[in-house]
Amino acid sequence: MSTNHLLEINQYGQSIWMDNLSRDIIQSGELKDLVENQGISGITSNPAIFEKAIAGNVIYDADIEAGVRANLPTYKIYESLVFADIRNACDILRPVYEASNRLDGYVSIEVPPTIAHDTEATITEARRYFQEIGRENLMIKIPGTEPGLPAVEQVIAEGMNVNITLLFSVESYVNTAWAYIRGLEKRLAEGKDISRIASVASFFLSRIDSNIDAKIDAKLKKGVDDISVEAKLRAVKGKVAIANAKIAYQEYKKIIESDRWQALAAKGATVQRLLWASTSTKDPNYNDVMYIEELVGRDTVNTVPPATIKACADHCNVSDRLETDVDKAYTLIENLKDPDINIDLDAVMDELLVDGIDKFIQPFQSLMNSLEDKIKVLSPV
């Protein structure tokens with residue numbers, strides 16, 4: 001029997017979660033097998049994943065029809081479908097949650113992406129989702145926008161698990177980590193237990209390289225007179241996301257060494273782990289598992305789409321690389337300011353955040369439209 005390399009990753013203190021969920025994999029037993037035998041210890045979802053799962057899939061028709069008979073509005077029918085899948089996934093992962101002492105075994109669901117810039121609406125929806133889904137191992141996903149961070153702080157203070165998503169810049173990660181700490185401090189000041197709260201900071205990868213590579217390709221296409229300039233540009237391609245992640249991890253280490261964090265840890269707080277997201281390789285010229293192999297390290301999570309899970313299980317070369325070549329990572333990021341390269345990383349990160357929210361709003365609205373079409377078909381004449 002061939003080696004499943006995913007199982008080796010856990011030895012280095014990293015958890016592998018799956019970035020996918022559908023009723024098909026729940027009902028077929030595939031999810032249970034992935035959890036019990038293949039090393040998957042958590043699930044992340046987003047509106048794009050649910051659009052792919054639900055649109056055009058007859059497995060949901062009976063529940064949609066029940067919603068129609070109950071005269072539910074479209075968004076309530078959507079929630080009835082998604083909440084049921086999330087509950088079932090939480091139940092499948094509950095043994096992992098218990099066996100890992102609440103480190104793993106979580107299922108993430110995102111608040112509607114249309115409220116990414118509304119603090120109060122995000123808090124209200126997070127409360128409602130957590131209460132209505134009713135599972136201890138649920139994580140509420142909140143985008144790491146400027147209005148999202150006060151929501152993170154409040155939701156943590158109220159005792160909910162939170163996955164802060166769409167983090168691209170190191171600064172956005174650091175801000176997220178302190179929002180988690182402030183939430184715990186607030187809860188502790190109220191005399192409440194902080195030992196049962198978990199959080200991850202979802203730090204995106206491949207989208208960074210795709211954006212920067214396109215900018216570099218555009219420069220190369222225009223033509224570069226100096227061969228040394230061309231070499232500088234090519235040296236950056238496909239390297240920025242991993243370098244950026246390695247620097248974020250160094251910031252994580254500084255934060256957990258701080259007095260404020262140590263005071264919380266003494267009261268039983270659990271570290272907010274960095275979670276590597278957007279880990280499928282978009283460029284076929286790159287190693288298809290590079291966003292896994294290069295970022296294996298302690299107290300981290302990698303959430304991986306199904307095709308990359310299979311690829312990694314088959315041929316990942318697993319080693320503790322997260323803290324290798326850290327000096328080179330800092331140098332590479334600094335080199336982006338070189339006039340010959342001239343890539344404004346802050347502008348790229350801002351662009352990616354706006355684009356990331358849009359990439360969730362579009363499938364969310366598309367799913368609502370397809371549900372409305374299906375409701376019309378299933379509605380009694």
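Since the model is a prediction, treat every value here as computed from it, not as a measurement. Every heavy atom of this structure was used, including side-chain atoms; hydrogens, water molecules and symmetry mates were not.
A distance-only check finds no donor-acceptor pair linking the side chain of Asp33 to the backbone of Asn37 [under 3.5 Å]. Checked by atom type and distance alone, the side chain of Ser80 pairs as donor or acceptor with a backbone atom of Ile77 at under 3.5 Å. Judged purely by atom type and a 3.5 angstrom limit, Lys246 uses its side chain to pair as donor or acceptor with the backbone of Arg321. A donor-acceptor pair is defined here as one N or O able to donate and one able to accept, closer than 3.5 Å; no such pair exists between the side chain of Asp63 and the backbone of Leu81. The backbone N or O of His5 sits nowhere less than 3.5 Å from a side-chain atom of Thr3 that would complete a donor-acceptor pair.
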| Ser280 and Thr308: CA distance, side-chain angles, deciding distance, side chain to side chain donor-acceptor pair (under 3.5 Å) verdict | CA-CA 6 Å; Ser280 61; Thr308 312; 4.9 Å; no

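Pairs of residues two or more places apart, or lying in two chains, that qualify as ring-ring contact (aromatic ring centres under 6.0 Å, His included) and include a residue from residues 234-260 are Tyr249-Tyr252. Residue pairs meeting the salt bridge (Lys or Arg N to Asp or Glu O under 4.0 Å) criterion with at least one partner in residues 72-93, sequence neighbours excluded, are Arg23-Asp85, Lys76-Glu79, Glu79-Arg128, Asp91-Arg135. Within the structure, ring-ring contact (aromatic ring centres under 6.0 Å, His included) contacts touching residues 97-141 (residues at least two apart or in different chains) are Phe83-Tyr129, Tyr97-Tyr106. Sequence neighbours left out, the pairs with a member in residues 255-275 that pass side-chain hydrogen bond (donor to acceptor under 3.5 Å, both in side chains) are Ser15-Arg273, Asp104-Arg273, Glu185-Arg260, Ser199-Gln272.
In this structure, Trp17 and Leu275 have side chains that are in contact, with non-hydrogen atoms separated by less than 4.5 Å. Within the 4.5 Å cutoff, the side chain of Met18 has no heavy atoms near those of the Thr303 side chain. Glu110 places none of its side-chain heavy atoms less than 4.5 Å from the side chain of Ser45. Using a 4.5 Å cut-off on side-chain heavy atoms (C-beta onward), Ile156 and Ile197 make contact. Annotation: side chain of Tyr291 is in contact with side chain of Thr281 (closest heavy-atom distance under 4.5 Å). Two residues are said to be in side-chain contact when any heavy atoms from C-beta on lie closer than 4.5 Å; Ile86 and Leu21 meet this criterion.
Residues Glu323 and Lys253 are paired through a salt bridge, judged by an N-O separation under 4.0 Å between the basic side chain and the carboxylate. The residues Glu230 and Arg234 are annotated as salt-bridged, a charged nitrogen and a carboxylate oxygen being separated by less than 4.0 angstrom.
Contacts of Asp344 classified as salt bridge (Lys or Arg N to Asp or Glu O under 4.0 Å), with partners at least two apart in sequence or in another chain: none. The side chain to side chain donor-acceptor pair (under 3.5 Å) check on Lys141 picks up nothing, with sequence neighbours excluded. For Glu153, the side chain to side chain contact (heavy atoms under 4.5 Å, CB included) criterion is met by Arg182, not counting sequence neighbours. With sequence neighbours excluded, no residue forms a salt bridge (Lys or Arg N to Asp or Glu O under 4.0 Å) with Glu8. Here Asp325 pairs with nothing under the side chain to side chain donor-acceptor pair (under 3.5 Å) rule; sequence neighbours left out. Taking Lys374 as the reference, Asp61 meet the salt bridge (Lys or Arg N to Asp or Glu O under 4.0 Å) condition, with sequence neighbours excluded.
Counted within 6.0 Å of CD on Gln131, heavy atoms from surrounding residues, nucleotides or ligands total 12 or fewer; the atom is thus considered open.
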Between side-chain atoms of residues 359-368 and protein atoms elsewhere (two or more places apart, or another chain), which donor-acceptor pairs fall under 3.5 Å?
from: Lys359; atom 1: NZ; to: Asp355; atom 2: OD2; distance (Å): 2.5
from: Gln362; atom 1: NE2; to: Asp358; atom 2: OD2; distance (Å): 2.9
from: Ser366; atom 1: OG; to: Glu51; atom 2: OE2; distance (Å): 2.6

Can you list, pair by pair, the side-chain donor-acceptor contacts under 3.5 Å of residues 160-167, counting residues two or more places apart and other chains?
from: Asn161; atom 1: OD1; to: Ala198; atom 2: N; distance (Å): 2.9
from: Asn161; atom 1: ND2; to: Glu136; atom 2: O; distance (Å): 3.0
from: Asn161; atom 1: ND2; to: Leu138; atom 2: O; distance (Å): 3.0
from: Asn163; atom 1: OD1; to: Ser202; atom 2: OG; distance (Å): 2.7
from: Asn163; atom 1: ND2; to: Ser108; atom 2: OG; distance (Å): 3.2

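Remark: Glu351 CD to Asp346 CG distance equals 12.5 Å, nearest 0.5 Å.
Asp288 and His315 share a side-chain donor-acceptor pair at under 3.5 Å. Using modelled atom types and a 3.5 Å distance limit, the side chains of Ser169 and Ser172 yield a donor-acceptor pair. In summary, the side chains of Tyr173 and Asn244 do not present any donor paired with an acceptor at a separation below 3.5 Å, with no hydrogens or angles considered.
Screening Thr44, Asn302, Thr279 for a side chain to side chain donor-acceptor pair (under 3.5 Å) with Asp19, the sole residue that qualifies is Thr44.
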